[in-house]
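Below, chains carry the letters A, B, ... as their sequence lines are ordered, and counting in each starts from 1. Only a predicted model underlies this, so the values are computations on that prediction, with no experimental measurement involved.
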Amino acid sequence: MAVKPTIPKGTRDFLPDEVAKRNYIFNTIRLSFQKYGFRPIETPSFEMSSTLIGKYGDEGDRLIFRILNSGDKLLKADVNALENRELPKFSNSLSEKALRYDLTVPFARFVVQHQNELAFPFKRYQIQPVWRADRPQHGRYQEFYQCDADVVGSESLIYEIDFVLLFDEVLSALKIPDFTIKINNRKILTGIAEVTGESTRIIDLTVALDKLDKIGADGVINELRAKGISESSIQKMKPLFSITGQNEEKLKVMKTFLTSSTVGQKGIEELEYIINTVNELGLNRANLDVDFTLARGLNYYTGAIFEVKANGVNMGSICGGGRYDNLTETFGLKNMSGVGISFGADRIYDVLDELELFPTESENILQVMFVNFGTKEQQRSLKWVQQLRSIGVSCELYPSSNKLQKQMKYANDIKAKFVALIGEEEYENNSIQLKNMETGEQSSTDLNGLLKMFK
RNA sequence: GUGGUUGUAGCUCAGUUGGUUAGAGCACUAGAUUGUGGUUCUAGGGGUCGUCGGUUCGAACCCGAUCUUCCACCCCA
């Protein structure tokens, strides 16, 4: 016996029914992206390592899948680096390509490379898989799809507003009953760091603050202490731990807190404008929630920060996004502000599955299966099958004249809607029996009647 | 990357203190039913017990390693 095959951890196979459900999600997202004026692009699944490494912080670098050099290139392996335990240097000598970790950095590379062929502001969407060497968990895979929409070349806040509306439109269309779009602004986080006198420690500050929900005020304070933040700074931060209420109230409190920070005030202004405008325009199902603890790990955001959570299910964020001003700068193109969002299709799938929100009508059902009664009847059936196909009906002929029972069972298993029978008697008088597999009803008709039924 | 958890038939799971030929339900195949699927009844096929190694007269069961699953961190979609 051969060895039982397996697939790598964090990856999955998809059966036809599952692909149909995934396409339902992709199609819904794609439709809305198009409607909001985004155009599709695609980029390679792997990039030069230098394009990706260093863009996601040390944690991110650790999770990038590297592609091993092949052939003679392996001879260039830096054995000295290995002996000196300089692992990053050693792996760079073994690998010059890597699987893409997200769609945003490859997009930045794309914009720089094609800058003279693009009209700015350039709006693109991209639906492709990404890979992370993460340890798998519920809703966390090593290969998963991201559905990104970004716009570069404009600082206008109308795009932030558009993206909030887009979140609302897509997730409402997918019938997710209750979800919250959390919004924050990196400038406010910068302001907080300024006011507390810890400008250089903004990452530590925001990472700790991000956990307020999970570990509570005391937990955050402990973490800040552990990171070496001074006691006086922690005291200054304390008012932040108890900000509650409506968005307007939260903004008011924060405005006072950030009085001395011009950056912080700018962040408040931006957030107010976005919230007020979205409120005027109205949302379908989304709750829009200002959350000053929202930090997100990616250290490239500079303005608005988004995160979307489905309520009532145990699942991490299903969407994220934000504004980044400097992303193309590392590839040599300055002053190109961008803002974008990402839908996590695989997590959305798990949410819809758990809440049983997928439509029952599948895209890949067979309309009609013709039963095979033998050589003569088979020839007639083939002709009628082609007739039906020519008017767009999905149908097929069973390949051999097995027992009728077996053919019926097959039709049942593949969930064919109708079974068509042309047996000896039907062959003689040019008729056909059509059986509805759901109701069990069966009736006789001719070719014209058949075509009419499916027109 | 840290700590824990899981693995027995296609699927969901039993399996006595280590002791003959490892079981069930569902699924599958065939028949009951020679022009009718889903229900029912009968019979049948299918497992080197994740993998490699060790302890033992003897291992699904004990030990080690490794892979995988899920969970809490880290981080994130």
Using the [atom1] atoms only, state how far [M] lies from [N], rounded to an integer number of Å.
{"N": "B:U5", "M": "B:A72", "atom1": "P", "result": "15 Å"}
{"N": "B:C75", "M": "B:C71", "atom1": "C1'", "result": "16 Å"}
{"N": "B:G15", "M": "B:A9", "atom1": "P", "result": "15 Å"}
{"N": "B:U8", "M": "B:U69", "atom1": "P", "result": "13 Å"}
{"N": "B:U33", "M": "B:G25", "atom1": "C1'", "result": "26 Å"}
{"N": "B:C41", "M": "B:U12", "atom1": "C1'", "result": "24 Å"}
{"N": "B:C61", "M": "B:G7", "atom1": "C1'", "result": "14 Å"}
{"N": "B:C70", "M": "B:A32", "atom1": "P", "result": "45 Å"}

Please report the distance, rounded to the nearest Å, between [atom1] in [X] and [atom2] in [N].
{"X": "A:Ile341", "N": "B:A77", "atom1": "CD1", "atom2": "C1'", "answer": "13 Å"}
{"X": "A:Asp134", "N": "B:U2", "atom1": "CG", "atom2": "P", "answer": "14 Å"}
{"X": "A:Leu434", "N": "B:U36", "atom1": "CG", "atom2": "P", "answer": "17 Å"}
{"X": "A:Ile414", "N": "B:G37", "atom1": "CD1", "atom2": "P", "answer": "16 Å"}
{"X": "A:Asn412", "N": "B:A27", "atom1": "CG", "atom2": "C1'", "answer": "14 Å"}
{"X": "A:Ile215", "N": "B:A72", "atom1": "CD1", "atom2": "P", "answer": "16 Å"}
{"X": "A:Asp148", "N": "B:A77", "atom1": "CG", "atom2": "P", "answer": "10 Å"}
{"X": "A:Met408", "N": "B:U36", "atom1": "CE", "atom2": "P", "answer": "9 Å"}

_Audit row: A:Leu357, A:Leu174, side chain to side chain contact (heavy atoms under 4.5 Å, CB included) steps and yes/no_ = CA-CA 8 Å; A:Leu357 296 172; A:Leu174 292 172; over 6 Å; no
Applying side chain to side chain contact (heavy atoms under 4.5 Å, CB included) between [X] and each of [options], report the one that passes.
{"X": "A:Ile305", "options": "A:Asn185, A:Asp291, A:Leu189", "result": "A:Leu189"}
{"X": "A:Cys147", "options": "A:Ile127, A:Ile348, A:Thr28", "result": "A:Ile127"}
{"X": "A:Ile432", "options": "A:Leu421, A:Leu447, A:Thr445, A:Asp446", "result": "A:Thr445"}

Assign [X] to base, sugar-phosphate, or nothing according to its heavy-atom contacts below 4.0 angstrom with the strands shown.
{"X": "A:Gln442", "answer": "base"}
{"X": "A:Glu438", "answer": "base"}
{"X": "A:Lys211", "answer": "sugar-phosphate"}
{"X": "A:Phe343", "answer": "nothing"}
{"X": "A:Gly57", "answer": "nothing"}
{"X": "A:Ile318", "answer": "sugar-phosphate"}
{"X": "A:Ser317", "answer": "sugar-phosphate"}
{"X": "A:Gly60", "answer": "nothing"}
{"X": "A:Gly10", "answer": "sugar-phosphate"}

To the side chain of [X], which of [options] is closest?
{"X": "A:Leu421", "options": "B:G37, B:A77, B:G35", "answer": "B:G35"}
{"X": "A:His138", "options": "B:G37, B:A77, B:C70", "answer": "B:C70"}
{"X": "A:Arg62", "options": "B:C75, B:G1, B:A77", "answer": "B:G1"}
{"X": "A:Arg135", "options": "B:G37, B:A77, B:G1", "answer": "B:G1"}
{"X": "A:Pro136", "options": "B:U36, B:C70, B:A77", "answer": "B:C70"}

_salt_bridge(A:Lys409, A:Asp413) N-O dist < 4.0 Å_ = yes
*asked:* OP1 or OP2 of B:A72 versus the side-chain N and O atoms of A:Gln137: is any pair under 4.0 Å?
replied: yes
_Short side-chain N/O contact to B:U68 OP1/OP2 from A:Lys9, under 4.0 Å_ = yes
*Would you mind building the protein contact string for nucleotides 28-34 of chain B? One character per nucleotide, 5' to 3', B for base within reach (heavy atoms under 4.0 Å), S for sugar-phosphate only, - for untouched.*
SSSS-B-
*asked:* Here's a test of your reading of the structure: between A:Glu59 and A:Gly423, which maps to the more 5' nucleotide of RNA chain B?
replied: A:Gly423
*asked:* For A:Pro8 and A:Tyr410, find the nucleotide of RNA chain B closest to each by heavy atoms; which residue's nucleotide sits nearer the 5' end?
replied: A:Tyr410
For the side chain of [X] and the base of [N], is some donor closer than 3.5 Å to an acceptor across the two?
{"X": "A:Glu426", "N": "B:G35", "result": "yes"}
{"X": "A:Arg347", "N": "B:C76", "result": "yes"}
{"X": "A:Gln433", "N": "B:U36", "result": "no"}

Aromatic ring proximity [X]/[Y], centre distance under 6.0 Å:
{"X": "A:Phe38", "Y": "A:Phe163", "result": "yes"}
{"X": "A:Phe418", "Y": "A:Phe454", "result": "yes"}
{"X": "A:Phe343", "Y": "A:Phe167", "result": "yes"}

_Ring centroids of A:Phe144 and B:A77 base under 5.5 Å with planes under 30°_ = yes
*Write down the partner of B:C62 under the Watson-Crick or G-U wobble criteria, each distance required to be under 3.5 Å.*
B:G54
*For A:Glu231 and A:Arg225, run side chain to side chain contact (heavy atoms under 4.5 Å, CB included): C-alpha distance rounded to whole Å, both residues' side-chain angles, the deciding distance at 0.1 Å, then the answer.*
CA-CA 8 Å; A:Glu231 208 57 37; A:Arg225 279 196 190 118; 2.9 Å; yes
*If you measure from CD1 on A:Ile161 to CD1 on A:Ile275, what distance do you get to the nearest 0.5 Å?*
10.0 Å
*Taking all non-hydrogen atoms of both residues into account, name the closest pair between A:Leu52 and A:Asp61 and its distance.*
O-OD1, 4.3 Å
